[in-house]
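Counting starts at 1 for both ligands and their atoms, in listed order.
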Amino acid sequence: MSAPWQALQQLASEPFSLRQAFSDDPERAQRFRLNACDIELDYSKNLINSKRWQQLLALAEHSELRQLRSRMAAGEAINHTEQRSVGHMRLRLPDQALTTLEDQAIAEAIRLCRQQMTALVNQLNTQSYLGYKGKPITDLIWVGIGGSLLGPQMACEALSPFNQSPLKLHFAGNIDGAVVHDICKTLNPETCLVVVASKSFGTEETRQNALTLRQWFLDHGADQAAIARHFWATSSNIKAATEFGIVPEHILPMWDWVGGRYSIWSAIGLPLALQLGNAQFDQFLAGAHAMDQHFLQADLSNNMPVVLALLGIWYINGMGCQSQALLPYNHYLRLLPSYVQQLDMESNGKQVDHDGQPLACATAPVIWGDAGTNGQHAYHQLLHQSKLVIPADFILAAKPQHALSDHHLRLAAHCFAQTQALMQGKTIMEAKAECLAQGLSEEQASRLAPHKASPGNKPSNTMLLPELSPFYLGALLALYEHKVFCQGAIWQLNSFDQWGVELGKQLSGPIYQSLNGKSSNFDSSTSALMSSLQRHLTS
Ligand code: F6P
């Protein structure tokens, strides 16, 4: 392990008390605080002091972060294992700024895609798009998985208070037949539009769900012309989409320079554009663009994605933490942890560096979480008292999207109280004094105090958004994208490929064939499981 990483571990082994740090330094909250695009980040409740922070900043300064950031912005093929550039930032450029792109063919393709999306959104939202029996479309079924589904599903949920569309959205991802079964159960194909979202148009789950939906239409008397009318795609594989029966005018583009988990800004964002209307969707892009500008221009020490990245590196590589909680205190953001899970873990869960050499240290945390306050009655017990140190991001929108102001103040109070409790904990002496004040005997208080005490010194960030609007959601998502980018740059790995998911896909083919009657040899565990399944299915 090289010197900077050893230095991190050395520093992390020195004792540090957050409680003490706050009482020693009345300016601490101001010193470790940052604002970008009106999103406020309080990172003062982290296990850092000036010395540790300087070491982390030096790590960023001496890494290839700056060069890689410029290379990404210049459209270079930094996804070198797939020879692709990484261009999701282009997708949120305002129309007038597209002229600044070096490659004007790309600018034109983006313009055209925006026009196609706008036209379709207008047609659907005015209900002038009629189905094969002449009825207006009332439901949109979005078929996709991973990056082709998690983004629009999460963002539609997050911005549901801004819904302007008469259409109902349905998301079909999992190959589990229960999903499509449940969707079809309540709907009439005559009023449904299906969008097959798959960059490759080769993903098994998406193809299977799309085939089942096509059969559902055929079973309801639809002919090929009706299928052509009701099916759209967003894909870069035009050939496969047209072979499926989707007419070329119904194929919205995807490009190899946009990774699936970075594609919400492209035609993959269509459900969100539909829900918000075109003008508000532009606000969503504008928020992300504003965060891009911050990321590209701010000094490393005042750069919010860099700060979040360095804090993550401190916990993973300095302190050996393996997981990171993402705790939005906002019901509408409840799908955010699943979205960031793919973004972070599929990007940086890697074993080798750019040159294919084994990485010397761990990368990418396990991301998990749910909306507060639900988690407080479940896993927060472990956050507060277990020996594990799990850094947590708390996210709160200052203004709620409802008029129940007392609910909102209580929600905010819980959010801040959790970060405070994690930071300061409760000593055994304090716990004992509390027991005595409640009338327990000296002996009872001494016995109970260790159970009631909390160690504290547990790190957290708090992010305060002015409100959960299209603009701030866009900025927040871009913030996490860039955080992941910075970590990948410092770890010197390729954040934009995902070869690790391939093996499981390859192995499922022969197992499926075998379950369908073709014999093959598998390890004894897999064979026994397959036999048991067959026994259940035939009994
Ligand atoms: O299996 C991983 C993956 O390739 C993701 O990276 C991607 O977001 C998802 O599958 C869906 O891929 P596609 O859009 O090609 O169907």
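Using bins of under 30°, 30° to 60° and over 60° for the plane-to-plane angle, the ring pair F485/F496 lands in the tilted bin.
Ion pair R334/D370 not flagged as a salt bridge, since none of the NZ, NE, NH1 or NH2 atoms sits closer than 4.0 Å to an Asp/Glu carboxylate oxygen. At a threshold of 4.0 Å, the pair E481-R92 counts as salt-bridged, since one of the basic side-chain nitrogens sits closer than that to a carboxylate oxygen.
Atoms of ligand 1 found under 4.0 Å from any heavy atom of E346, numbered from 1 in the order shown, are 2 (C), 5 (C), 6 (O). Per-residue contacts place V501 under 4.0 angstrom from the following atoms of ligand 1 (heavy atoms of the residue considered): 1 (O), 2 (C). Applying the 4.0 Å criterion to heavy atoms of K199 picks out, from ligand 1, the atoms 13 (P), 14 (O), 15 (O). Heavy-atom proximity to I145, at under 4.0 Å, picks out these atoms of ligand 1: 9 (C), 11 (C).
Counting protein heavy atoms only, atom 4 (O) of ligand 1 is closest to K505 NZ, 4.1 Å. Among all non-hydrogen protein atoms, the one lying nearest atom 15 (O) of ligand 1 is S200 OG, 2.6 Å. The shortest contact between atom 14 (O) of ligand 1 and any protein heavy atom is with S148 OG, 2.7 Å. When only non-hydrogen protein atoms are considered, atom 7 (C) of ligand 1 lies nearest to G147 N, 3.9 Å. Here the protein heavy atom with the shortest distance to atom 12 (O) of ligand 1 is T203 OG1, 3.5 Å.
Side chain of T191 to main chain of P136: no donor-acceptor pair is present (N/O by atom type, distance under 3.5 Å, no hydrogens or angles).
Residue pairs meeting the side-chain hydrogen bond (donor to acceptor under 3.5 Å, both in side chains) criterion with at least one partner in residues 165-180, sequence neighbours excluded, are N125-S165, D139-H170.
Listed by chain and number, the residues in a side-chain hydrogen bond (donor to acceptor under 3.5 Å, both in side chains) with Q341 amount to none (sequence neighbours excluded).
Aromatic rings of Y329 and F394 (six-membered ring for Trp) have centroids within the 6.0 Å cut-off, being under it.
Not a single heavy atom of M254 sits under 4.0 Å from any atom of ligand 1. Heavy atoms of E502 stay at 4.0 angstrom or farther from ligand 1.
Protein heavy atoms are absent from the space less than 4.0 angstrom from atom 10 (O) of ligand 1.
For Y512, the OH atom sits in a loose shell: 12 or fewer heavy atoms of surrounding residues, nucleotides or ligands are nearer than 6.0 Å.
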